[in-house]
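Data block below; observations after.
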Amino acid sequence: MSHIAIVITGLTGKLHASFEMASRLKASGHNVTYMCPANVRKKVEEQGFVYIQLPEIHFHFKNPVYRKPGSNSWIKKFIYRLKHASKIYTEVKSILRLSDFEERIRSVNPDKMLIDMELHEIILAASSVGIPFKLYSSWFSHKKHVQLPPIRTNIVPGEGWQGTFLGIALAQCKEHIKVNAKLLYSSLTLNNYRRKTLMQYAEDSGFSTKDMAASNFPPLFIYTRTPILTMAMEEMEFPNASLKNLTYIGPMVFNNREVHPEDTVRIKRLEQIFTTGKSSHKKFIYCSLGTLIESDVRFVQKVVDAVSTNPDWVLLVSFGGKQGMDELTINTGNVHIFQWVPQLYLLSKVDCSINHGGMHTVNECIHFKVPMLIYSGKKFDQNGCAARVSYHGMGIMGDKDKDDHKTIHRNIDKVLNQPTYKEKMVYMNGVYNHYRQIDISTYL
């Protein structure tokens with residue numbers, strides 16, 4: 001069997017998903033080694049995997065050489081960068097030393113590598129070393145097509161004028177202009193050194209720069225030829241989404257997460273809430289805002305007000321470790337606020353999930369057949385995920401900035417009481433379970 005290195009960013013959602021992927025590979029007889037530029041050693045080794053620390057990746061340079069000390073004028077900063085462009089570029093190249101990554105890869109010497117699509121430095125280093133690799137992501141198709149809405153928009157094909165051929169074509173055109181405008185701005189302000197350096201490394205290592213298309217999601221590049229495995233289901237895509245280099249391997253939901261002592265305390269409290277509520281035939285609603293964005297207290301307050309008017313509903317809110325809990329006004333006993341909750345435990349118990357449209361949360365709802373009311377955080381691919389959930393009838397897509405508590409109440413009522421949403425989740429869960437039966441090592 002093969003020795004496979006999985007290279008991760010270290011972000012929580014992706015980390016948990018990778019554990020499921022690694023566990024399946026291990027069950028198929030493969031040896032798995034983790035590599036990461038962020039320090040997640042403890043979490044990885046707790047799952048029984050070998051861990052190798054990689055050098056840090058500087059996604060955003062904050063080196064003082066970028067601006068003249070004490071200067072707040074953008075003109076003076078630009079002049080300073082212009083005068084010292086060569087020095088800055090040389091310094092960036094010293095920071096982005098692919099040789100450090102190459103050395104670490106050689107020391108591990110895997111047979112194959114699975115690399116997160118955002119880790120451009122490591123992708124180029126693996127190419128230079130000559131280790132066979134594929135990329136992986138948790139995103140839907142990034143294909144540019146006049147009939148496929150951009151992943152960062154909440155456009156649903158066939159809905160409203162934006163969902164028409166013209167509306168989608170305009171959205172794609174707007175996205176293209178934004179990407180190229182950002183590239184032009186970065187070039188004019190001498191602020192594109194990381195991209196410039198990576199492109200140079202690609203040329204030096206023989207990696208085709210034609211494979212590296214400019215993008216603002218994910219940042220810098222998307223890969224148009226290198227094989228990509230995505231932890232999504234093709235059945236949730238829009239029409240015209242097919243890409244030659246994209247393979248759908250299905251959601252990766254790691255259901256064997258370690259229960260920490262503080263989670264045990266929370267679960268006891270939650271069990272009491274569920275026991276009391278079920279004896280009265282209550283419906284349970286879980287509202288989660290995720291771990292990547294700051295909690296929107298005003299939106300949570302609207303959700304609280306929406307649920308407070310119905311005594312047959314019980315609301316459980318997780319702030320994801322963010323601030324804002326003390327700012328809420330709660331006047332009823334059917335609302336329970338937590339700083340943090342064990343999400344998989346809660347999703348196994350609730351009737352509706354209100355979430356921000358993060359792909360990993362959507363996948364976990366599919367795992368537990370929980371219909372969704374999505375109020376996108378409007379970051380990254382959250383709009384695109386929300387649009388696909390709506391398009392396929394798995395839930396309702398709202399607008400956290402426009403919907404008032406009465407609209408949120410109506411949306412919750414629809415998700416809970418119109419059986420089509422639950423039926424669709426049951427169907428998608430069956431599709432998901434089909435993906436789970438496939439040996440993912442066959443994709444490598």
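- Closest heavy-atom contact between Glu118 and Pro218: CG-CB, 3.9 Å.
- His120 contributes atom NE2, which lies 11.5 Å from atom CD1 of Ile115 (distance to the nearest 0.5 angstrom).
- Atom SG of Cys352 is separated from atom CG of Leu373 by 5.5 Å, given to the nearest 0.5 angstrom.
- Between Phe217 and Phe380, the ring-plane angle classifies as tilted under the 30° and 60° cut-offs.
- Between Phe238 and His392, the ring center distance fails the sub-6.0 Å criterion.
- A donor-acceptor contact shorter than 3.5 Å is absent between the side chain of Glu45 and the backbone of Lys42.
- With Thr153 contributing its side chain and Pro150 its backbone, the two residues share a donor-acceptor pair below 3.5 Å.
- Between Glu271 and Arg266, none of the side-chain N atoms (NZ, or NE/NH1/NH2) sits under 4.0 Å from a carboxylate O, so this pair counts as no salt bridge.
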Steps toward side chain to side chain contact (heavy atoms under 4.5 Å, CB included) verdict (Val146, Ile168): CA-CA 6 Å; Val146 292; Ile168 295 172; 5.9 Å; no
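- Separation of atoms CE (Met252) and OG1 (Thr230) is listed at 10.0 Å; rounding is to 0.5 Å.
- Under a 4.0 Å N-O distance rule, the pair Arg152/Asp381 does not qualify as a salt bridge.
- At least one side-chain heavy atom of Val304 sits under 4.5 Å from a side-chain heavy atom of Ile330.
- Proximity of Tyr427 to Met394: side-chain heavy atoms (C-beta onward) are nowhere separated by under 4.5 Å.
- The shortest heavy-atom contact between Met231 and Met359 is O-CE, 4.2 Å.
- Formation of a donor-acceptor pair under 3.5 Å by the Gln172 side chain with backbone atoms of Gln147 is not found in this model.
- A cation-pi contact links Arg269 to Phe338, judged by a cut-off of 6.0 Å to the six-membered ring centre and 45° from its axis.
- Annotation: Arg436, atom CZ; neighbour count of heavy atoms from other residues, nucleotides and ligands within 6.0 Å is above 12.
- Here the straight-line distance linking atom CD1 of Ile366 with atom CE of Met425 works out to 5.5 Å at 0.5 Å rounding.
- For the side-chain contact (heavy atoms from CB on, under 4.5 Å) with Lys369, the qualifying choice from Lys424, Glu423, Lys422 is Lys422, the only one to do so.
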Working for salt bridge (Lys or Arg N to Asp or Glu O under 4.0 Å), residues Asp116 and Lys14: CA-CA 9 Å; Asp116 188 290; Lys14 289 186 174 183; 3.1 Å; yes
Side chain to side chain donor-acceptor pair (under 3.5 Å) assessment of Asp404 paired with Thr407: CA-CA 5 Å; Asp404 59 15; Thr407 303; 2.9 Å; yes
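- Between Pro239 and Leu148, the closest heavy-atom pair is O-CD1, 3.7 Å.
- Within 6.0 Å of the OH atom in Tyr435, the count of heavy atoms belonging to other residues, nucleotides or ligands exceeds 12.
- With a 6.0 Å cutoff to the six-membered ring centre and a 45° limit on the axis angle, Lys414 does not count as a cation-pi contact of Tyr421.
- Within a 6.0 Å radius of NZ in Lys43, other residues, nucleotides and ligands contribute 12 heavy atoms or fewer.
- Val341 places none of its side-chain heavy atoms less than 4.5 Å from the side chain of Leu316.
- Scored by the ring pair (Phe, Tyr, Trp, His ring centres under 6.0 Å) test, Tyr375 finds Phe299 as partners (sequence neighbours excluded).
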Verdict with reasoning, Asn180 to His176, per side chain to side chain donor-acceptor pair (under 3.5 Å): CA-CA 6 Å; Asn180 284 281; His176 179 76; 3.3 Å; yes
Steps toward side chain to side chain contact (heavy atoms under 4.5 Å, CB included) verdict (Tyr136, Ile8): CA-CA 10 Å; Tyr136 73 91; Ile8 58 174; 3.0 Å; yes
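- A heavy-atom distance below 4.5 Å is not found between the side chains of Asn331 and Ser308.
- Using a 4.5 Å cut-off on side-chain heavy atoms (C-beta onward), Leu346 and Leu270 make contact.
- The number of heavy atoms from other shown groups lying within 6.0 Å of NZ (Lys282) is above 12.
- Rounded to the nearest 0.5 Å, atoms CZ (Phe274) and OG1 (Thr276) are 11.0 Å apart.
- In this structure, Arg388 forms a cation-pi arrangement with Phe140, its terminal cationic atom sitting closer than 6.0 Å to the ring centre and no more than 45° off the ring axis.
- Looking at Ile273 and His336, their side chains come closer than 4.5 Å, going by heavy atoms from C-beta outward.
- Atom CD1 of residue Ile440 and atom NE2 of residue His30 lie 8.5 Å apart, to the nearest 0.5 angstrom.
- In this structure, Val253 and Tyr432 have side chains that are in contact, with non-hydrogen atoms separated by less than 4.5 Å.
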Full working for side chain to side chain donor-acceptor pair (under 3.5 Å) between Asn433 and Gln437: CA-CA 7 Å; Asn433 282 323; Gln437 302 306 313; 5.7 Å; no
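- When each of Asn154, Asp399, Asn383 is checked for a side-chain hydrogen bond (donor to acceptor under 3.5 Å, both in side chains) with Lys378, only Asp399 meets the rule.
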Working for side chain to side chain donor-acceptor pair (under 3.5 Å), residues Asp211 and Thr226: CA-CA 7 Å; Asp211 190 3; Thr226 301; 2.5 Å; yes
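- Here the closest heavy-atom approach between residue Gly277 and residue Phe284 is recorded as CA-CZ, 3.7 Å.
- Ile155 and Ala387 make their closest contact through O-CB, 3.6 Å (heavy atoms, listed as atom of the first residue, atom of the second, distance).
- In this structure, Lys406 places its NZ atom where only 12 or fewer heavy-atom neighbours from other residues, nucleotides or ligands lie under 6.0 Å away.
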Side chain to side chain contact (heavy atoms under 4.5 Å, CB included) between Val7 and Cys36, worked out: CA-CA 6 Å; Val7 191; Cys36 185; over 6 Å; no
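- At distances below 3.5 Å, at least one donor-acceptor pair connects side-chain atoms of Lys302 with backbone N or O atoms of Asp403.
- In plain terms, the two heavy atoms of Ser353 and Val370 that are nearest each other are N-CG1, 3.6 Å.
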Stepwise side chain to side chain contact (heavy atoms under 4.5 Å, CB included) check, Thr332 with Val335: CA-CA 7 Å; Thr332 58; Val335 176; 3.9 Å; yes
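- Two residues are said to be in side-chain contact when any heavy atoms from C-beta on lie closer than 4.5 Å; Phe368 and Val350 fail this criterion.
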With a cut-off of 3.5 Å and sequence neighbours excluded, list every side-chain donor-acceptor pair involving residues 15-23.
| unit_1 | atom_1 | unit_2 | atom_2 | d |
| --- | --- | --- | --- | --- |
| Ser18 | OG | Leu15 | O | 2.7 |
| Ser18 | OG | Tyr34 | OH | 2.9 |
| Glu20 | OE2 | Arg24 | NE | 2.9 |
| Glu20 | OE2 | Arg24 | NH2 | 3.3 |
| Ser23 | OG | Phe19 | O | 2.7 |

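- Under a 4.0 Å N-O distance rule, the pair Lys400/Asp296 qualifies as a salt bridge.
- Between the side chain of Glu235 and the backbone N or O of Val431 there is no donor-acceptor pair closer than 3.5 Å.
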